Structure formats: structure tokens, C-alpha cells
Amino acid sequence: MTRERTSGHDPDTGRRSKWKMRRAALEWEDYVAWHRGTEGFWLYKYKHQAVLLFGALLKAAGFYKYGYRNALNLRARHVKISPSTLPESFKGYRILHLSDLHLDSMEGLAERIARRIAPLPCDLCVITGDFRYVRHGAYRQILPPLGQIVEAVRAGDGIYAVLGNHDTQAMSDDIEKLGIRLLTNESVAIVRDGQRFNIIGVDDPHDYYTDAAAECLKKRERGFRLLLAHTPELYFQAASNGIHLYLCGHSHGGQICLPGGFPLMTFLNTGKRFYRGVWRFRDMTGHTSPGCGTAKIPIRFNCPPEVTVLTLG
Ligand SMILES: [Fe+2]
């Protein structure tokens, strides 16, 4: 069996600089909208306040500590999936899917993630965004814990990632220095016995989607096409552009769910039915990770955090 990795992109080219500038402008617009308020953002802020109030009520009722404990009770889940047109050389290929690490949300979270993934050998590791807890401001606090996780990953073909809506373009170089290849509207190919397995990574569809991301999706590389995006909200465009496998996160599987796992919120504007687990749309298979961390309040109910090993077959 022959294996090689190909990449048509050097992160230091002008294309990456242009991407940073575009993303920085969008992040600034988001910051201004958040702090000064715009029509759409007032509703978002009210929802945010409602979640915080819910957390305060739970604290008063004595349930908060159970939710906090649940949020640290990370599990490893193994799932076999059968995406269409998988090349023969990639049958049995194992992808470790991590998402929504939110590493600065809870003390000790990175250690737990590292412990959980250390005994999980895989071929490829993908991280579908949201390394950070806060949406704006400092990010360097996530680098040491992220380094711990990278050290624990045992993926022969490396670690690939996209940014989420809690991340900033400013962290991109530091993330890559740790050994993670960030995909910014571009693709790389893993080749085995002449068969190509393309990994495509695009901008966050929830808050920071761009024309460059839409163009990237349309490229139709030869061979199998795996898409990494922060949320499942691109499901229609992805299926229409011949994506075979779509890995994403953002929804946290609902994070706070009723018994049986019914979510009270999905954090999604569209594709809400793809809020957790393996799904299918037309010929495309998808997996929405429930994530490792938490957003807004560090608690979970009826929706455990997880790292997922997807075996392709
Ligand atoms: Fe997110």
C-alpha cells in the first residue's frame, strides 16, 4: 500500500493573509453588534440572558453541581458509518472526531480529553471548531491545554481543523505551530494506492461564512470528499456539491436536554434536525459531534460530552 499526503496550499501565501483580513473584519462586525446591539443581536442577547438566568435558577435549586459533573463526564463513542463511494483503500479508516473543545470553559477539561483519546489509535483526527469559550478577546489561554490534547492524539495521517464561531483568526498561526493543520477554504488530499481522500475545510457557516467558502465547496476535487465545517447548516449546499461525508459540531447535541435527549436548544438556524449524531441527507452521510466542552453555562443534562471514533466501511 502506498500512502502520501498532498496539499496545494502553503499557509504562508497571500491567500491565507487575505483570509485573515476578511475574517478579522467579520469578527469586528460581530464584536460591534454584540457590544452596541443591532436588531438581530438583541434577540440573541435576550436568549443568552435567559440561559444565564436558567443557570442561576439551577444553582439556587441545587442542581447546578450535577450538571457541572455531567459536563466533565466525557465518553468515547465508536460508530461505524458507510458513506457512499468510499474508495477501497479507505475501508476501515478511523477518524477521531473532536469538536467544541471550549478549553477555557472548565478546569481540568483538557486533561480529561487527553486521557480519553490517548488509548484511541486512529488514522486521522479532525477538530470541527470552537477551541475557545469566549467569543471575543484573549485566546492564548487555550494553547497549553490544546497542546496537551495534540500530544495525546495518535493519528497516522495527522490532525486537521476548522475554526468555529468562538474562535478568532488571530489564533490560526499558534494553532498550526502546535501541529494542527487549519483548513481555511481549502483542501488537502490523502492518497492511498492512488485513491484520493480529500479533506475540505470551510469557514464557520453560522457567523463567519464567506463567498470564498462557497467557492471552495464547488471545486469538486477528484476522489472521495470529506467536508469539515463548524455547523451542519451547510448540509444542502454540501450535498448539492457532491460532498460524501460531512463532519461538524456547534450544537453540543443540545447540551441541556430533556430525559431521552430531546434538546431545549440547538444553537442552529437551519438543519436543526442534524443537531446530534450520524445523519444522512440525499447521498451524503453526516456526523454532528455533541462536543467535548460547553457554551454559555458549563453544565450538561441528558447529553454527555464525547469524543467519537468513526470507522468508515
Ligand atoms: Fe460554535
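Just so it is clear, the model here is predicted, and its values are computed rather than measured. Remember, it's 1-based here, ligands and their atoms both numbered in the order they're listed. Hydrogens, waters and symmetry mates play no part in the numbers below; they use all other heavy atoms, side chains included.
Cation-pi contact between R192 and F90: present, with separation from the ring centre below 6.0 Å and deviation from the ring axis of at most 45°.
Because the distance cut-off is set at 2.8 Å, H250 qualifies as a neighbour of the Fe ion (ligand 1) through one of its N, O or S atoms. For residue T231, no N/O/S atom approaches the Fe ion (ligand 1) to within less than 2.8 Å.
The backbone N or O of Y93 sits nowhere less than 3.5 Å from a side-chain atom of D123 that would complete a donor-acceptor pair.
Geometry at the Fe ion (ligand 1): NE2/H230 and OD2/D130 form an angle of 90°, nearest 10 degrees.
Taking M284 as the reference, Y235, A238, A239, I243, Y246, W279, F281 meet the side chain to side chain contact (heavy atoms under 4.5 Å, CB included) condition, with sequence neighbours excluded.
A salt bridge is defined here as a Lys NZ or Arg NE, NH1 or NH2 lying under 4.0 Å from an Asp or Glu carboxylate O, and R22 with D203 fails to meet this definition.
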